[in-house]
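A short worksheet on the structure shown next.
Chain letters run A, B, ... following the sequence lines, proteins first, then strands; residues in each count from 1. As the structure is a prediction and not an experimental result, all values here were calculated from the model.
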Amino acid sequence: MKVIVDMDRCQDHGQCVFSAPEVFRINDAGRLEFVAEPDDTLRDAVEDAADVCPLQAITIED
Amino acid sequence: MAGRRVVVVGASMGGLRAAEQLRAAGWTGGITVVGDEPHMPYNRPPLSKDVLAGDVTHAAVAFRPRTSCADVDWRLGEAVTGVDLEARRVRLAGGSSLSYAGLVVATGLRARRLGCPGPAVGRHVVRTLDDARRLRDALGPGRRVVIVGAGFIGCEVAATARLLGAEVTVVAPEAEPMYRPLGAELGAALRRRHTARGVRFELGRTVERLTGEGHVTGVVLDDGRTLAADAVVEAIGAVPNTEWLAGNSLDLTDGVRCDAALRVESRPDVVAVGDVARFANPRYDDVPRRVEHWSIPTDTARHAARTLAAHLSDTAPPAAPFAPLPGFWSDQYEDRLQSYGAPALGATDIRLLEGTWTTACAVGYHRDDTLVGVVSLTPGSHPLSTKYRSRLD
């Protein structure tokens, strides 16, 4: 599973962090950081994170 | 009929999420999604902001359906006119019908319109992509825009219209903008931000009628004054689309009443998702409410799809009741309002948790001395309310 975030769209709402804290985090500078190729066991959480992104900036590729 | 089918009525975010979550819950039968708009589901928050401010296409706001939904049958531009819940059959405007094994009610809301007399042209709402495109053409430098309603849509449209150089007046019966969800203090803080940008407010006022021959030229207030207007935006809330469910002995007074599993009046084969669903949230009380937050279609679809998929496969429904943590945001100018929990339930005990009303603040809403909601108003995109969210769990 590959996670792609369109950083031109991302506005740092941080909702993905609540859904998948193992994959997404807001760093000390306030910007989003994420694990680009998380373990497949986290798929449900990452799909939830993509769903709740207000800007719909997260895509998942297999 | 080849195999059993779920029919989803409504092709907005809630309908899409329902289809996706039915697949995620293991439903392998047919899924047909029927919607009266011509567009595939799209994201609505940009309608009051980016779509008004620029040349945004459907593609830019469209959701990307999950690959699990590749075989979903989309019937777009088709209105559903009725349903027989006993016969399990949905009627379409063209005269045909669809039978189903399971039904998802996802018809959402439509904009409420002003009931007062006046011309029909020059009046706008912001509910659909086509609505927003029409309003976009009416905004611009020097255009006089009167916005009726000071809720989310009214305030966001006011901000966008000012950024485009329009002369903006907001008319609302409440004492402050966004009074009902936020209370007087935060409403006043928001008003000051708008006023500093040149928005005029007529608060505590209602609209008597609109003037103009053919096209709107003005708005007559209840105190007799007339505000000149090139465009009027009706941002006075929304009405559930439930007429198609009539004749089935359902309580349709305000959306559809759902049980803790999101079944409509406990019918095993009918669930509801999105802001048409009226449900009690056991986090707070047993009062069923509709919730018009952006997060609700996704939250309800996840739960309702599990309920329906379990019924259709004769397995047990989700054991836990539906109990989402509400949340909403609103971007106005460079400020972001971010809410978690249910501030409206704690509106009689509002406390400033952090910051000041004039710069950045986090505000707590309490019921029986317990924090039930946190809202922050913060410049930029890093809401102060985020760190209080865990206190609401």
Side-chain angles (χ1 to χ4, degrees), chain A, chain B residues 13-14 16-18 20-21 23-25 41-46 49-50 56 59-69 293-302 305-306 324-325 327-331 334 336-340 376 378-387 389-390 392-393:
Chain A
M1 175 176 46
K2 204 168 163 186
V3 175
I4 298 161
V5 180
D6 182 342
M7 294 308 288
D8 291 334
R9 284 190 181 219
C10 176
Q11 291 183 7
D12 305 311
H13 278 260
Q15 299 302 306
C16 52
V17 180
F18 298 124
S19 291
E22 307 88 345
V23 178
F24 300 94
R25 74 180 198 103
I26 300 287
N27 68 19
D28 292 340
R31 295 313 312 267
L32 181 71
E33 289 179 351
F34 61 99
V35 180
E37 293 191 30
D39 193 274
D40 244 20
T41 56
L42 296 167
R43 174 170 293 269
D44 283 354
V46 175
E47 285 183 338
D48 282 352
D51 282 355
V52 302
C53 171
L55 281 300
Q56 294 291 290
I58 301 170
T59 38
I60 302 163
E61 281 184 7
D62 292 295
Chain B
M13 186 188 196
L16 169 64
R17 293 287 185 247
E20 291 176 333
Q21 292 296 334
R23 288 285 180 252
Y42 54 88
N43 200 18
R44 293 187 197 274
K49 301 176 277 282
D50 301 353
V56 175
V61 292
F63 289 112
R64 293 177 299 268
R66 292 186 187 178
T67 51
S68 63
C69 286
H293 298 163
W294 181 85
S295 57
I296 283 296
T298 300
D299 289 342
T300 50
R302 197 177 297 134
R306 285 178 194 153
L325 177 66
F328 66 78
W329 84 96
S330 177
D331 289 334
E334 63 282 337
R336 175 169 294 168
L337 269 170
Q338 176 71 57
S339 171
Y340 293 109
S376 63
T378 323
S381 56
H382 301 293
L384 288 170
S385 54
T386 303
K387 66 183 180 202
R389 183 181 185 272
S390 59
L392 298 163
D393 279 334

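Taking all atoms of both residues into account, the shortest heavy-atom contact from A:Cys53 to B:Trp294 is O-CH2, 3.3 Å. Minimum interatomic distance between B:Arg336 and A:Gln11 (heavy atoms only, all atoms of both residues): NH1-O, 3.3 Å.
Going from atom CZ of B:Arg302 over to atom CG of A:Asp44 covers 9.5 Å, rounded to the nearest 0.5 Å. The distance from atom NE2 of A:His13 to atom CH2 of B:Trp329, rounded to the nearest 0.5 Å, is 5.5 Å. The CD1 atom of A:Ile26 lies 8.5 Å from the OG1 atom of B:Thr386; values are rounded to the nearest 0.5 Å.
With a threshold of 4.5 angstrom between heavy atoms, B:Phe328 does not approach chain A through any atom at all. Contact of A:Cys10 with chain B is not made at all, since no heavy-atom distance falls under 4.5 Å. Using a 4.5 Å cut-off between heavy atoms, B:Asp331 touches chain A through its side chain atoms alone. At a 4.5 Å heavy-atom cutoff, the contact between B:Thr298 and chain A is made by side-chain atoms alone. With a threshold of 4.5 angstrom between heavy atoms, A:Gln15 approaches chain B through side-chain atoms but not through N, CA, C or O. Only the backbone of B:Ala60 comes within less than 4.5 Å of a heavy atom of chain A; no side-chain atom from C-beta onward does.
No donor-acceptor pair under 3.5 Å is formed between the side chain of B:Arg389 and the backbone N or O of A:Phe18. A distance-only check finds a donor-acceptor pair linking the side chain of B:Asn43 to the backbone of A:Pro54 [under 3.5 Å].
Using a cutoff of 4.0 Å between basic side-chain nitrogens and carboxylate oxygens, B:Arg66 and A:Asp51 are scored as salt-bridged.
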